Undergrad: 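What follows is a single structure, and I will ask about it in a moment.
In what follows, chains carry the letters A, B, and so on, assigned in the order in which the sequence lines appear, proteins first and then strands, with residues in each chain numbered from 1. What you are looking at is a predicted structure, and each value in this text was computed from that prediction instead of being measured.
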Amino acid sequence: MRSPKLDAYTFTPVIGACSALCDKLRGKQVHALFIKICSSDTQTIVNTALIDMYFKCNCLSSSVKVFDEMQLKDTVTWNTMISRLIQNGKARYAISVFERMRDEEKIAECFSVFTLCSVIKACALLKALRQGKQVHAVVIVMGRDLLVLSTVLIDLYASCALMEESMKVFFSLNCRKDDAVYNALLSGCVQNRKYEESFSILSEIKPNVIALTNGLMVCSMFTDLFRGKQIHGVAIRFGFKSDTQLCNVLLDMYAKCGKVVTARLLFNQIAHKTVVSWTSMMDAYGSHGYGVEAHDLFKLMEESGISPNSVTFLAVLSACGHSGLVELGRDCFLSMRKKYGIDPGPEHYACYIDLLGRAGLIEEVWDLFDDMEKNGHMPTAAVLASLLNACKLNLDIERGEFAAKRLIELEPDKACNFVSLSNFYAATERWDQVVALRNLMKKKSLRKETGGSWIAIE
DNA sequence: GTAGGGTTAG
């Protein structure tokens, strides 16, 4: 019996199955078979599916290889590449692929709504306003699928802190508006801390999980427990209380409003806890001074089989630092690389330097600083500020000046740095320097932003 | 048969 002919209709769904299962091994086998027997007329579609499969299997280099070696790319090929790159955090790369598409394809029709959608999203992520506006112009010329494209445009302008432009896009829509477009506007208001506007949108729409999530984020920002509780009630009435993401934000809202016990009760009730659930709860403990509880939770998380990420370590390190748990903090810091293969970033070093500095371990602080530079991290302002603070606490005058000099070089126009430096001089009783600094600040007309705390009234 | 919008922890 003659074996049936394998064509694109056979390969594509099989590759799709490998994608869905993240089964790279089988995916590669199918890829090999395809190379052996492929016919040129089916290459584009199958290769596009392969690009997608390799992305889903976390094998970016294979995706790029298939893409670069493809003779004939169609619009879907380009779109797949662009959208998957964005999903993998490579927005800049995605834009460069879009530019290649524009240059190589030579016809304006090659762009579809999908292409524009992805590119606007990339611009929003990069806050590339100029490029985003250019694509907006193309959208206006095309004049199709305005609802979806308007949704990403609203997000673009909101990401660039231009809420007036977001509103313009929103109110110029004369088709029926759906949840997503309302949510985009709401999310823009939340990102830009527009308290009243957020609630006014929220009150106009039928509750959905994403809108309520956004609403709770505003409550966290402004520590508005009263409205937070109202949203909690709405979430229960509409049957959203098993939504993990919503519960994570709810937990965070209670914690930010000082209700740590309520936050913990909610945490316990989350059936499918994610790394964000755990990290939010650790942060809740840490920021209220419950370092031991935060660390216990970290251990419990390890037992539960969910892997911590870099934010988790930031939460637990800061919790240990604020409670003086030096040994536990050190264990965590060391386990980052050793046990989880996560390279500490500058923000982790800043946090850990702070912890060691408060504990009086100034030599270890400087060892750590050297270690950081050996690992190829340039010190950030946060690192230098922690370092300066550690020197202040430990009266390490000479090396403190070194940290101060580099901090001021890096951010010469930030008032808070001058204040830190002034505090450093004050701690080491060099009052002439303090006066000189205050005068310098006046000359540079730098003013430290007034501190404050938020409480909701009524 | 392959591609698209709005959500969480620092």
Undergrad: Take A:Tyr340 and A:Glu302 through the test side chain to side chain contact (heavy atoms under 4.5 Å, CB included) and record every step on the way to the result.
TA: CA-CA 11 Å; A:Tyr340 296 99; A:Glu302 288 187 307; 2.5 Å; yes
Undergrad: Does A:Val152 reach a base, just sugar-phosphate, or nothing at all? Heavy atoms under 4.0 Å.
TA: sugar-phosphate
Undergrad: Which residue pairs pass the side-chain hydrogen bond (donor to acceptor under 3.5 Å, both in side chains) test with at least one member in residues 207-217 of chain A, sequence neighbours excluded?
TA: A:Asn183-A:Asn208
Undergrad: Let me check something: any side-chain donor-acceptor pairs from residues 289-296 of chain A under 3.5 Å, sequence neighbours excluded? List them with distances.
TA:
none

Undergrad: Base, sugar-phosphate, or nothing: which does A:Leu116 touch, judged by heavy atoms less than 4.0 Å apart?
TA: nothing
Undergrad: Test: salt bridge (Lys or Arg N to Asp or Glu O under 4.0 Å). Region: residues 239-255 of chain A. Which pairs qualify, not counting sequence neighbours?
TA: A:Asp252-A:Lys256
Undergrad: With a non-hydrogen cut-off below 4.0 angstrom, is A:Ser280 in contact with a base, only sugar-phosphate, or nothing?
TA: sugar-phosphate
Undergrad: Tell me what A:Asn47 touches on the nucleic acid: a base, only sugar-phosphate, or nothing, going by heavy atoms under 4.0 Å.
TA: nothing
Undergrad: Shoot me the first and last contacting nucleotide of DNA chain B against chain A, ordered 5' to 3', at under 4.0 angstrom to non-hydrogen atoms.
TA: B:dG1 to B:dG10
Undergrad: State which residues pass side chain to side chain contact (heavy atoms under 4.5 Å, CB included) with A:Tyr93; sequence neighbours excluded, sorted by chain then number.
TA: A:Val64, A:Leu85, A:Lys90, A:Ser96, A:Val97
Undergrad: Grab the two heavy atoms, one from A:Thr75 and one from A:Thr115, that are nearest each other, plus how far apart they are.
TA: CG2-OG1, 4.3 Å
Undergrad: Name all residues meeting the salt bridge (Lys or Arg N to Asp or Glu O under 4.0 Å) criterion together with A:Arg102; count only those two or more places apart in sequence or in a different chain, and write none if there are none.
TA: none
Undergrad: Sequence neighbours excluded, which residues qualify as salt bridge (Lys or Arg N to Asp or Glu O under 4.0 Å) partners of A:Lys127?
TA: none
Undergrad: At under 4.0 Å between heavy atoms, what does A:Val113 touch on the DNA or RNA strands: base, sugar-phosphate, or nothing?
TA: base
Undergrad: Mind checking A:Asn309 for me? I need base, sugar-phosphate or nothing, with any heavy atom below 4.0 Å counting as a touch.
TA: base
Undergrad: Which residues, if any, of residues 83-104 of chain A bring a heavy atom under 4.0 Å of DNA chain B?
TA: A:Ser83, A:Arg84, A:Gln87
Undergrad: What nucleic acid atoms does A:Asp178 come within less than 4.0 Å of, heavy atoms only: base, sugar-phosphate, or nothing?
TA: base
Undergrad: By the 4.0 Å heavy-atom rule, please label A:Met217 as base, sugar-phosphate, or nothing.
TA: sugar-phosphate
Undergrad: Quick one: salt bridge (Lys or Arg N to Asp or Glu O under 4.0 Å) pairs with a partner in residues 67-82 of chain A, sequence neighbours left out?
TA: A:Lys65-A:Glu69, A:Asp68-A:Arg100
Undergrad: Please classify the nucleic acid contact of A:Lys256 as base, sugar-phosphate, or nothing, using heavy-atom distances under 4.0 Å.
TA: sugar-phosphate
Undergrad: May I ask you to list the residues of residues 313-339 of chain A, by number, that have any heavy atom positioned under 4.0 Å from an atom of DNA chain B?
TA: A:Leu314
Undergrad: Going by the rule side chain to side chain contact (heavy atoms under 4.5 Å, CB included), which residues pair with A:Leu212 if we only count those two or more places apart in sequence or in a different chain?
TA: A:Pro207, A:Ile231, A:Val234, A:Ala235, A:Phe240, A:Leu246
Undergrad: Taking side-chain hydrogen bond (donor to acceptor under 3.5 Å, both in side chains) as the cut-off, I'd like each qualifying pair that reaches into residues 132-143 of chain A, sequence neighbours left out, listed once.
TA: A:His136-A:Tyr157
